[in-house]
Amino acid sequence: MRDVIQMSRKLFDRKIAGLFFITFAAHGMMFLMDGIYWDDYLLFDHDSNKVAIWLQELGIVGAVPAFFHWGIKQLFGTYFIFGYRLMAFLCICGTGLIVFQLLQVFKKFNQTNNFLVAAFVATYPAVKVLFIGGILHYQYCLLSYLLAVYIAFTKVFDDSAGRTLSRLWWRLGSLLLCVVSFTMNSILSFYFGFIILMFLFNKDEGPVLKRIRRFMMKKGDYLALPFVFFITEKIFFPARGIYEGYNGISFGALTRIFELLLINIYWFTKPLFGLARRATLLLTAFFLLYVLVLIGVRFKQWIRLKKLPQDYGPLFFSLFLMFLGALPYAAVGKAADSSYASRHLLLAGISTGLLLMSVADLSVGLKIISSKVKNIIFAAVIALFCFVDMGNYIHWQFRWIRDRSVILQLAENPELKKYSTFLIEDKACCQNEKNIYYDYRFYEWASLFKMVWHGEKWVGYSLESPSPEQMRDKRYLTARYNLAEYNPKGRKAVLSLRGAGGDGCFGNAAKVLKVFEYFYIKFFDRVRMDSFLNGIVQIKISPV
């Protein structure tokens, strides 16, 4: 108990408070968001047992997230979507906090630099769906992993940590947190960064081979854990059903592994320059080229001394972490952004933050920039990230306002229930916005129709792809996807959506105004809500 109290005291100082407020500035709007999106639609009215079966078919060991889903429902009841938002925010805060504390332990940067890296990680806008219930599993996996590493270095491997029995309990806790984190499979690869850290910070002396042997003897449980977990997962918890072969290693991808790794590393660093839009690729390439130049500056010294320069350690380690984060997606033949900017970039913030700080620190050491300029640059980048994150939440909230507008108008036209399949023609957003925010899945439309007409007889999908694979596979026509009563041979209609903006869609400035108008009406003038929603999207039905 005393150890827990001491750890808690360490966590609360001015920098920790500052980290919390920066995180709140970036992500605080998720508390106002009242919509359901993507997988939230599947979780909205499904109990924990159904969620567990779904996760078991995905091959997730022990269906761990189902227990989390159950806990959220027990704590928050009908407000469990808000519960997911709250837990997501706490996971983001916790991730930044643990990153700060870990950097304090390793003492490679000063405290200000540690704070800036932690704030960078907490605000990095690579992941645009942090608040979605179906993705929350990945956030607490990352937090579990970082907490396991922190406990290992401060309570298990530190000789001054206390009695042997106490350290044994901390060791068991750390290993258990690692097992939980491995249910996010990409952490199995990222974990080897932890292994390297354990070896580098090992205080044993002597020949390298003897050090390695002693290291394996003392920390064999940590070394064996990811391999035991991976083998157990593949033998006893394989993905099955519609998910058979899901995220399996692609031997075809292995022939182009180098290309895929470069693509994924590009996606890891791209958010640094995302606001530049057309110049993003150029700036990202320039930044990575500058990293190579910095490495080249000391290359001769590195070869001559046969030893890694101490001040270059964080740079090489950050690149190693980036490689580990990109490797799982390259191995299965995917780009890390997955075209949805989802959980595939969850590991990007840590490696990119360390990389940027290492580059900035080395630039200060080479007198290219001053320490003050470095801090100003970092602060400006974090401020821009907060701006981007806030804009992201506004876009998602506007998406829900659109959905509510469609729901309201469908409810006012019950005769539309005679159709089974709706081909969606979405003209309610500008062409350059056909992206993450307006990329609807078939089960979202099925769930939306269920909310209106209280059945599982209807589905919607894009007019541009009138025969998606899922509609030819009866395994998708189940209660899990809210399609248990769907008749593929039923009547069809085109559902056209058109925005009420001047040119059929709302620009970014108009969206911001509409979102704030929506919140004002919701809290202070609810009688105007229906008329407001009717002015967002106009629907039109054309029988096929």
Side-chain angles (χ1 to χ4, degrees), residues 117 120-121 124-128 138 141-142 145-146 181-182 184-197 199-200 226-227 229-230 233-234 245-274 276 279-296 298-299 302 308 312-359 362 436:
V117 173
F120 182 102
V121 172
Y124 197 50
V127 185
K128 298 188 184 300
Y138 295 90
C141 282
L142 177 59
Y145 166 71
L146 293 172
S181 74
F182 290 161
M184 176 181 165
N185 282 339
S186 54
I187 288 183
L188 277 169
S189 172
F190 210 63
Y191 180 83
F192 287 95
F194 172 34
I195 298 296
I196 295 298
L197 278 180
F199 182 74
L200 292 176
F227 299 102
F229 183 93
F230 182 78
E233 179 185 54
K234 295 305 175 187
Y246 182 72
N247 279 345
I249 293 176
S250 170
F251 292 100
L254 295 179
T255 61
R256 46 193 290 260
I257 190 77
F258 184 71
E259 174 194 349
L260 286 167
L261 280 171
L262 287 179
I263 291 172
N264 283 298
I265 287 172
Y266 164 71
W267 282 112
F268 267 51
T269 53
K270 180 187 174 185
L272 272 175
F273 310 104
T280 298
L281 177 59
L282 181 63
L283 290 171
T284 304
F286 178 79
F287 173 71
L288 294 175
L289 180 62
Y290 181 64
V291 173
L292 292 177
V293 170
L294 284 177
I295 294 173
R298 289 286 186 90
F299 188 73
W302 183 22
L308 182 70
Y312 274 60
L315 174 62
F316 282 98
F317 184 70
S318 64
L319 289 172
F320 180 61
L321 280 184
M322 193 168 288
F323 166 79
L324 292 177
L327 181 61
Y329 303 106
V332 299
K334 291 183 178 179
D337 88 312
S338 79
S339 77
Y340 306 127
S342 66
R343 71 273 188 190
H344 294 159
L345 288 174
L346 201 62
L347 301 176
I350 297 173
S351 54
T352 308
L354 285 173
L355 176 63
L356 187 62
M357 181 54 74
S358 301
V359 168
L362 290 172
I436 173 178

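Note that this is a predicted model, so its numbers are computed, not measured.
The OG atom of S318 sits 4.0 Å away from atom CG of L355, with the distance rounded to the nearest 0.5 Å. Of the inter-residue distances, the one linking T269 atom OG1 with N264 atom CG reads 10.5 Å to the nearest 0.5 angstrom. Y145 OH to L347 CG: the interatomic distance, rounded to the nearest 0.5 Å, is 8.5 Å.
For L197, the side-chain contact (heavy atoms from CB on, under 4.5 Å) test picks out F106, F153, F201, F317, with sequence neighbours left out. Residues satisfying the side-chain contact (heavy atoms from CB on, under 4.5 Å) criterion with P271, sequence neighbours excluded, are Y124, P125, A126. Residues that satisfy the ring-ring contact (aromatic ring centres under 6.0 Å, His included) test with F229, not counting sequence neighbours, are F182. For the ring-ring contact (aromatic ring centres under 6.0 Å, His included) test, no residue two or more places apart in sequence or in another chain qualifies with F323. In this structure F268 satisfies the ring-ring contact (aromatic ring centres under 6.0 Å, His included) test with no other residue, sequence neighbours excluded. With sequence neighbours left out, the side-chain contact (heavy atoms from CB on, under 4.5 Å) criterion links A279 to A276, L283. Every residue was checked against the ring-ring contact (aromatic ring centres under 6.0 Å, His included) condition with Y290, not counting sequence neighbours, and none meets it. Remark: S189 pairs with L324, L327, P328 by the side-chain contact (heavy atoms from CB on, under 4.5 Å) rule, at least two apart or across chains.
Pairs passing the salt bridge (charged side-chain N to carboxylate O under 4.0 Å, His left out) check and including a residue from residues 312-325, sequence neighbours excluded, do not occur. Screening residues 187-196 for salt bridge (charged side-chain N to carboxylate O under 4.0 Å, His left out), with sequence neighbours left out, gives no hits.
The heavy-atom pair separating M322 from S351 by the smallest distance is N-CB, 3.6 Å. Residues N185 and E233 come closest through the heavy atom pair OD1-OE2, 2.9 Å. Nearest heavy-atom pair across I350 and L321 is CG2-CD1, 4.3 Å.
In this structure a side-chain-to-backbone donor-acceptor pair under 3.5 Å is present from Y312 to L294.
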